[in-house]
Amino acid sequence: TDTDTSDEAVRATCDDATTCKRFATSKGYWKDPYIQYFARSVGERKAPEINRGYYARVQGVNHLLDAFIRKAECNCQVINVGAGLDTTFWRLKDENLMPRKFFEIDFPTVVARKIHNIKTKPPLSKPLIETHSTDSLLLDAHSLDSDRYCIIGADLRDISNLDEKLKKFQLNPELPTLLLSECVLVYMTPSQSSNLVHWAAETFHTAMFINYEQVNMSDRFGQVMIENLQRRQCTLAGVEACQSLDTQKERFLKTGWEHADALDMMTVYSMLPQDDVARIERLEFLDERELLQQLLQHYSICWATKDKLNLGLSQLVF
Ligand code: SAM
């Protein structure tokens, strides 16, 4: 059916993210010793503006994520929705920033692939075993549950099923919780993503949601981005919520979040530590700075908080 074709195209987007991240790390934009186990090869060359865009994405998201974990002193949970082949869990372990439990959700077929990689690559499985103290480590084809890391195959558009599965794997609604979605909500309709965001606001009293995705999609450059994805049969069902930074924030403010902020990635790029930005700008020559600007102006980070425990979450900024 059309839905199957389109869901399959959406599932394939996790390989794009991984190969682009692997290529950028092979050039030295940032370090990720684990990404090699999820991308078969370095792959073909990516344009310098793409690499800088991924750099801004990874540094921007990590900045907010790490700030949250520090505020909570690791006494928290992380739920990465539409996690794909993301390697954040392993980075946090290496940086002594591991939350009490790190959850990942994706479609069952993506999860099965990720579990297969973890099972067969000791550098991935060792940290899971090391951080596991009780005797029952659940590891089958479609789910993996250890003390500190859990992957669940589920469709994010089916909230009751998602809620049930997370509870089955010991999600604790009382713990400060960070939810992360990187290029995920845009593949769901505005009502489906609002339901997800609303569920999160209802479930946790102290939480932060970080959403990275497209923005300013109604101009000409945005239209070209949409057409490129559609050519690959990817339906950007949620593009309406990507019209502006305000529509990004509204999704949260209308569903029970207390506070929301949003920045386009050009702004984020200009706020990242400038000595490191200067370093990565020397890695590859970029002659069209305007192209980088246009690209970064069409992606954003939006973050929303609610803070019953008064951790000071609304103060988290760049
Ligand atoms: N967040 C990862 C990253 O940045 O590397 C992966 C991003 S990839 C562009 C989008 C991911 O969202 C894919 O792995 C896809 O399978 C997942 N996804 C999209 N819609 C989903 C849904 N309804 N349920 C579960 N996963 C979904």
Side-chain angles (χ1 to χ4, degrees), residues 30-32 55-83 86-105 127 131 147-150 166 169-182 184-185 196-213 245 248-249 251-253 255-265 267-277 300-318:
W30 71 94
K31 288 198 174 76
D32 184 341
Y55 169 83
R57 164 175 171 176
V58 170
Q59 302 302 314
V61 168
N62 287 353
H63 170 82
L64 290 175
L65 173 70
D66 294 3
F68 174 91
I69 296 175
R70 289 204 170 90
K71 279 265 188 224
E73 297 175 340
C74 295
N75 207 6
C76 62
Q77 302 169 127
V78 174
I79 308 175
N80 188 347
V81 297
D86 186 83
T87 57
T88 302
F89 169 77
W90 291 271
R91 179 182 70 82
L92 294 176
K93 162 136 199 318
D94 286 349
E95 295 182 0
N96 278 319
L97 275 178
M98 201 173 40
R100 282 242 219 127
K101 194 155 180 178
F102 193 102
F103 295 88
E104 294 187 346
I105 321 286
T131 57
D147 287 354
R148 311 297 285 271
Y149 178 69
C150 172
L166 280 165
F169 291 112
Q170 282 84 45
L171 179 83
N172 180 356
E174 296 304 314
L175 272 184
T177 300
L178 185 285
L179 296 110
L180 169 64
S181 57
E182 240 186 275
V184 175
L185 302 187
L196 177 66
V197 161
H198 183 212
W199 164 82
E202 268 190 331
T203 304
F204 307 104
H205 53 68
T206 302
M208 173 151 138
F209 203 120
I210 304 173
N211 178 43
Y212 173 91
E213 70 183 353
L245 295 173
Q248 286 283 0
K249 284 189 275 189
R251 171 159 49 201
F252 292 95
L253 295 173
T255 53
W257 292 84
E258 290 161 6
H259 184 271
D261 262 311
L263 295 173
D264 74 59
M265 293 310 289
T267 309
V268 170
Y269 190 71
S270 71
M271 290 169 135
L272 290 174
Q274 291 301 299
D275 48 344
D276 201 51
V277 171
S300 68
I301 294 186
C302 178
W303 67 101
T305 56
K306 52 182 296 197
D307 194 3
K308 191 175 149 219
L309 294 178
N310 283 317
L311 299 179
L313 298 182
S314 68
Q315 296 148 24
L316 295 179
V317 288
F318 278 92

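Throughout, numbering of the chain's residues begins at 1 and tracks the sequence.
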Measure the shortest side-chain to side-chain distance between [X] and [Y] over non-hydrogen atoms and say whether it is less than 4.5 angstrom.
{"X": "Met98", "Y": "Phe89", "result": "yes"}
{"X": "Val78", "Y": "Phe103", "result": "no"}
{"X": "Leu196", "Y": "Leu179", "result": "no"}
{"X": "Phe102", "Y": "Leu92", "result": "yes"}

With distance as the sole test, does [X] use its side chain to make a donor-acceptor pair with the main-chain N or O of [Y] at under 3.5 Å?
{"X": "Ser270", "Y": "Val268", "result": "no"}
{"X": "Lys306", "Y": "Ala201", "result": "yes"}
{"X": "Thr203", "Y": "Ala200", "result": "no"}

Inset, instruction - Enumerate the residue pairs fulfilling side chain to side chain donor-acceptor pair (under 3.5 Å) with a member in residues 61-75, sequence neighbours excluded, ordered by first and then second residue. - result: Asn62-Arg91, Asp66-Arg91, Asn75-Arg100
Inset, instruction - Given side chain to side chain contact (heavy atoms under 4.5 Å, CB included), test Met208 with Thr177 step by step and report yes or no. - result: CA-CA 6 Å; Met208 173 151 138; Thr177 300; over 6 Å; no
Atom [atom1] in [X], atom [atom2] in [Y]: separation rounded to 0.5 Å?
{"X": "Thr87", "Y": "Asp94", "atom1": "OG1", "atom2": "CG", "result": "10.0 Å"}
{"X": "Leu178", "Y": "Gln77", "atom1": "CG", "atom2": "CD", "result": "10.5 Å"}
{"X": "Cys302", "Y": "Leu185", "atom1": "SG", "atom2": "CG", "result": "9.5 Å"}
{"X": "Cys150", "Y": "Leu171", "atom1": "SG", "atom2": "CG", "result": "9.0 Å"}
{"X": "Cys76", "Y": "Asn172", "atom1": "SG", "atom2": "CG", "result": "11.5 Å"}
{"X": "Ile210", "Y": "Leu180", "atom1": "CD1", "atom2": "CG", "result": "5.5 Å"}

Considering non-hydrogen atoms only, spot the tightest contact between [X] and [Y] and give its length.
{"X": "Arg251", "Y": "Asn211", "result": "NH2-ND2, 3.2 Å"}
{"X": "Lys101", "Y": "Gln170", "result": "NZ-OE1, 4.2 Å"}
{"X": "Gly60", "Y": "Ile301", "result": "C-CD1, 3.6 Å"}
{"X": "Trp90", "Y": "Pro127", "result": "CD1-CG, 3.7 Å"}
{"X": "Leu65", "Y": "Thr88", "result": "CD2-CG2, 3.5 Å"}
{"X": "Trp199", "Y": "Leu166", "result": "CH2-CD1, 3.5 Å"}

Legend entry - Residues in side chain to side chain contact (heavy atoms under 4.5 Å, CB included) contact with Glu202, at least two apart in sequence or another chain: His198
Inset, instruction - Sequence neighbours left out, what passes side chain to side chain contact (heavy atoms under 4.5 Å, CB included) with Val277? Give chain and number order. - result: Tyr55, Tyr269, Leu272, Gln274, Glu281
Inset, instruction - May I ask you to check whether Asp264 and Ser300 show a side-chain donor-acceptor distance below 3.5 Å? - result: no
Inset, instruction - Say whether Asp307 and Thr206, considering side chains only, have a donor N or O and an acceptor N or O under 3.5 Å apart. - result: no
Inset, instruction - Please find out if less than 6.0 Å separates the ring center of Trp257 from that of Phe204. - result: no
Inset, instruction - List the steps and the verdict of side chain to side chain contact (heavy atoms under 4.5 Å, CB included) for Val317 and Gln315. - result: CA-CA 6 Å; Val317 288; Gln315 296 148 24; over 6 Å; no
Inset, instruction - Determine, stepwise, if the pair Met265 / Tyr212 fulfils side chain to side chain contact (heavy atoms under 4.5 Å, CB included). - result: CA-CA 9 Å; Met265 293 310 289; Tyr212 173 91; 3.7 Å; yes
Inset, instruction - Walk me through it: do Trp303 and Phe209 pass the test side chain to side chain contact (heavy atoms under 4.5 Å, CB included)? - result: CA-CA 5 Å; Trp303 67 101; Phe209 203 120; over 6 Å; no
